[in-house]
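Reviewing the structure listed below.
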Amino acid sequence: MLLEVNRLEISYGDVRAVHGADFAVAEGELVSIIGANGAGKTSILNGIMGLVPVRNGTVRFRGREITAMPAHRRAHEGIRLVPERARVFPRLSVYENLLTGAYGLRKKIPLEERLRWLYGLFPILEERRDQPAQTLSGGEQQQLAIARALISDPKLLLVDEVSMGLMPKLVDQVFDLLQSLNRDHGLTILLVEQNARASLEISHRAYVLETGSVVMEGPADDLLDDPKIQRAYLGLVEEEVERRQ
Amino acid sequence: MNAYVVTVATLVAIQSIVACGLNVVVGYAGQISLGHAAFFGIGAYASALLTTKAGLTFWTALPLVIAITGLVGLLLGIPSLRVRDDFLAITTIGINFIVEAVFLYVPFFGGALGIGGIPRVTFFHVKMKGLPYLYLCLAFLALVLLVCRWFTRSWAGLACFALREDETAAASMGISPVRFKLLAFVLGTAMAGLGGALYAHFMRFISAGDFSFPVSVMLLSMVVLGGMGTLWGPTLGAVILVSLPELFRPLLEIRFLIYTLLLLLMIRFQPGGLLGEASLVRRVFSRLMPGKEAPR
Ligand SMILES: Nc1ncnc2c1ncn2[C@@H]1O[C@H](COP(=O)(O)OP(=O)(O)O)[C@@H](O)[C@H]1O
Ligand SMILES: [Mg+2]
């Protein structure tokens, strides 16, 4: 397993956001964690990235325990996060934002080549190259956040709710891209989403998170066919659920 | 140029150097510091002591002075930069008061009498005063500006900018927050040390009061007024804030009040400073000279 998370517990003061979540991601997989608003999805990704302290449990990456490792060292190990709401560096140009993603890798990656590849994936970023990132639209900022994470050629990409605030057409494009990065480029991705349908459709496997605990897991196709998931997460009404059985 | 103008211009050049250092900390790395005068003072005292007591010349002392100031910056920076942002302001004020108290009460530093008899800088056996000393200070200012420009275009500079914008996002890009805050702090304090040395050999008599908390407020006002994070902002701020009270002598008495007021007004109405993004100056400039950009 590339990533193994055991009995993960994360709290903010008295608020217990995640209690005892177990999950794993194998190399080459696209795995999603679906759950409602407040289920603890962001906390889990931040725990894996090292941005919030883990109260209990372990995070192992490539067989090594990294539970206490600071975030910047996890980034060097090859974990990259596309944060919730993109969090691009507002006053830095699009180009500078991309460079921050390559920080410390100057000698390890062919920078020019990676930039050209990313501009091919996201032509808008080349057009807006010298503009401050804060002048981009929400969708463009999401693309920039993905590109900034991809430039480093990560071993594990964590993606936090990319569909939030995007137009439906763009959501499809972004999910198509994630799927192609996984299937064609072998990128391992852990996706957390409220948009259950879109993420299950591109995932190999998925976990269902409710108030900080994993309540269900399995191949994504099985979850798409599960009546409970259809009712709770796919927004199907009763007749549709029955028709599909 | 008459002697008075040369004196004011020399002070402007020296304060610009120190303000540029503060800009590295505040403008580039986004770490508030209200104690920068402490490092200005450490540079001045180090150079004064090394030349009066240890018998070094200004030139042989200078590398030591810069190293000592940077090292003290490193040692004080390690605990300070680990605290949350809002505590940093208070911690740096504390550093300023402690350093000032050490100068004032420890006999080694001359106590209340300060240190006098600091030799003039000599350059090829010529004692530098008046206009030549102004040129020397301007040459050092040019050097400092070049270092700043180089820094903003380096990977380390980019790492600092990213930290300033969003520390969490920067850390998840592999940028170590502690390392780059410290780097900016050491670079900024080393520049303050250089300014301090130039100040000591210009005044030839220094005392603890020259480096008190109001001086830190003045330095921060220069940076904020000129434009945090810009290249020329601190220098512009120093020109305005050193020369204005000189032009309107009665203002000297209430200088500290003016600096504080100015700081608050700028933060409220022009947070980017005079040379910052979308500032009044930039808009007027682009109207007067369409197609050209105002300096940053
Ligand atoms: N910084 C924080 N301080 C206090 N409570 C928080 C904080 N961040 C998240 N929480 C709480 O933790 C729970 C999980 O939040 P989060 O991980 O953001 O969920 P999700 O991403 O699934 O919406 C929620 O109840 C939320 O209110
Ligand atoms: Mg979330």
Side-chain angles (χ1 to χ4, degrees), chain A residues 42 45-52 69-93 95-109 111 131-135 141 144-145 147-154 156-158 160, chain B residues 23 26-31 78 81-82 84-85 149-184 223-224 227-231 233 267 270-273 275-279 282 291 293 296:
Chain A
T42 297
L45 287 198
N46 287 347
I48 298 171
M49 192 71 235
L51 301 174
V52 293
M69 190 184 271
H72 67 275
R73 294 214 12 238
R74 298 188 200 204
H76 288 305
E77 293 292 313
I79 306 178
R80 285 299 157 110
L81 171 69
V82 179
E84 194 172 62
R85 290 191 198 84
R87 295 185 75 155
V88 295
F89 303 114
R91 288 183 294 171
L92 301 189
S93 70
Y95 176 68
E96 287 168 328
N97 265 275
L98 290 174
L99 282 190
T100 61
Y103 170 76
L105 300 169
R106 194 169 11 164
K107 295 191 185 83
K108 291 187 204 132
I109 57 167
L111 194 55
Q131 244 169 264
Q134 63 191 357
T135 62
Q141 294 193 10
L144 177 55
R148 181 179 66 174
L150 286 179
I151 197 170
S152 67
D153 195 9
L156 172 65
L157 184 69
L158 308 171
D160 194 348
Chain B
N23 188 39
V26 180
Y28 296 167
Q31 302 303 303
I78 289 171
L81 294 170
R82 283 179 186 276
R84 287 216 332 264
D85 288 358
R149 208 174 84 121
W150 162 81
F151 187 70
T152 56
R153 292 166 184 208
S154 69
W155 280 90
L158 181 68
C160 287
F161 289 155
L163 271 180
R164 173 192 75 191
E165 301 286 296
D166 187 332
E167 186 170 329
T168 309
S172 27
M173 293 298 121
I175 294 164
S176 158
V178 173
R179 186 205 285 192
F180 286 98
K181 284 183 198 174
L182 264 183
L183 177 69
V223 174
V224 172
M228 281 185 271
T230 63
L231 181 65
I267 288 171
Q270 287 271 289
L275 296 181
E277 219 55 64
S279 68
R282 296 199 90 78
E293 261 219 279
R296 274 165 207 278

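Labels below follow one simple rule: chain letters A, B, ... track the order of the sequence lines, proteins then strands, and each chain is numbered from 1.
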Check: Got a donor-acceptor contact below 3.5 angstrom from the A:Glu96 side chain to the B:Leu158 backbone?
Finding: no

Next item on the list: Given side chain to side chain contact (heavy atoms under 4.5 Å, CB included), test A:Arg80 with B:Met173 step by step and report yes or no.
Entry: CA-CA 7 Å; A:Arg80 285 299 157 110; B:Met173 293 298 121; 4.1 Å; yes

Checklist line | pair B:Arg164-A:Leu92: side-chain heavy atoms closer than 4.5 Å | finding: yes

Next item on the list: Check each atom of A:Ala102 against the heavy atoms of chain B and say whether the ones under 4.5 Å are side chain, backbone, both or neither.
Entry: both

Check: For the candidates B:Ala170, B:Ala171, B:Gly174, which exhibits the highest count of non-hydrogen atom pairs separated by less than 4.5 Å from chain A?
Finding: B:Gly174

Notebook entry, point to check: Between atom CE of A:Met49 and atom OG1 of B:Thr168, what is the distance when rounded to the nearest 0.5 Å?
Noted result: 11.0 Å

Margin query: With a 4.5 angstrom heavy-atom cut-off, is it the side chain or the backbone of A:Arg73 that approaches chain B, or both, or neither?
Written below: neither

Check: Checking B:Ala159 against chain A: side chain, backbone, both or neither under 4.5 Å from a heavy atom?
Finding: side chain

Item checked: Rounded distance [0.5 Å steps], OG in B:Ser172 versus CZ in A:Arg74 -> 11.0 Å

Next item on the list: Using non-hydrogen atoms and a 4.5 Å limit, figure out which bit of A:Leu99 sits close to chain B: side chain, backbone, both or neither.
Entry: both

Check: What are the two closest heavy atoms between A:Arg87 and B:Ala169, and how far apart are they?
Finding: O-CB, 3.8 Å

Next item on the list: Look at the rings of A:Tyr103 and B:Trp155 and say which category their plane angle falls in: under 30° parallel, 30 to 60° tilted, over 60° perpendicular.
Entry: tilted

Next item on the list: Below 4.5 Å from any heavy atom of chain B, which atoms of A:Pro83 appear? Answer side chain, backbone, both or neither.
Entry: neither

Checklist line | Selection from A:Asn97, A:Thr100, A:Ile79, A:Val88 maximising heavy-atom pairs under 4.5 Å formed with chain B | finding: A:Thr100

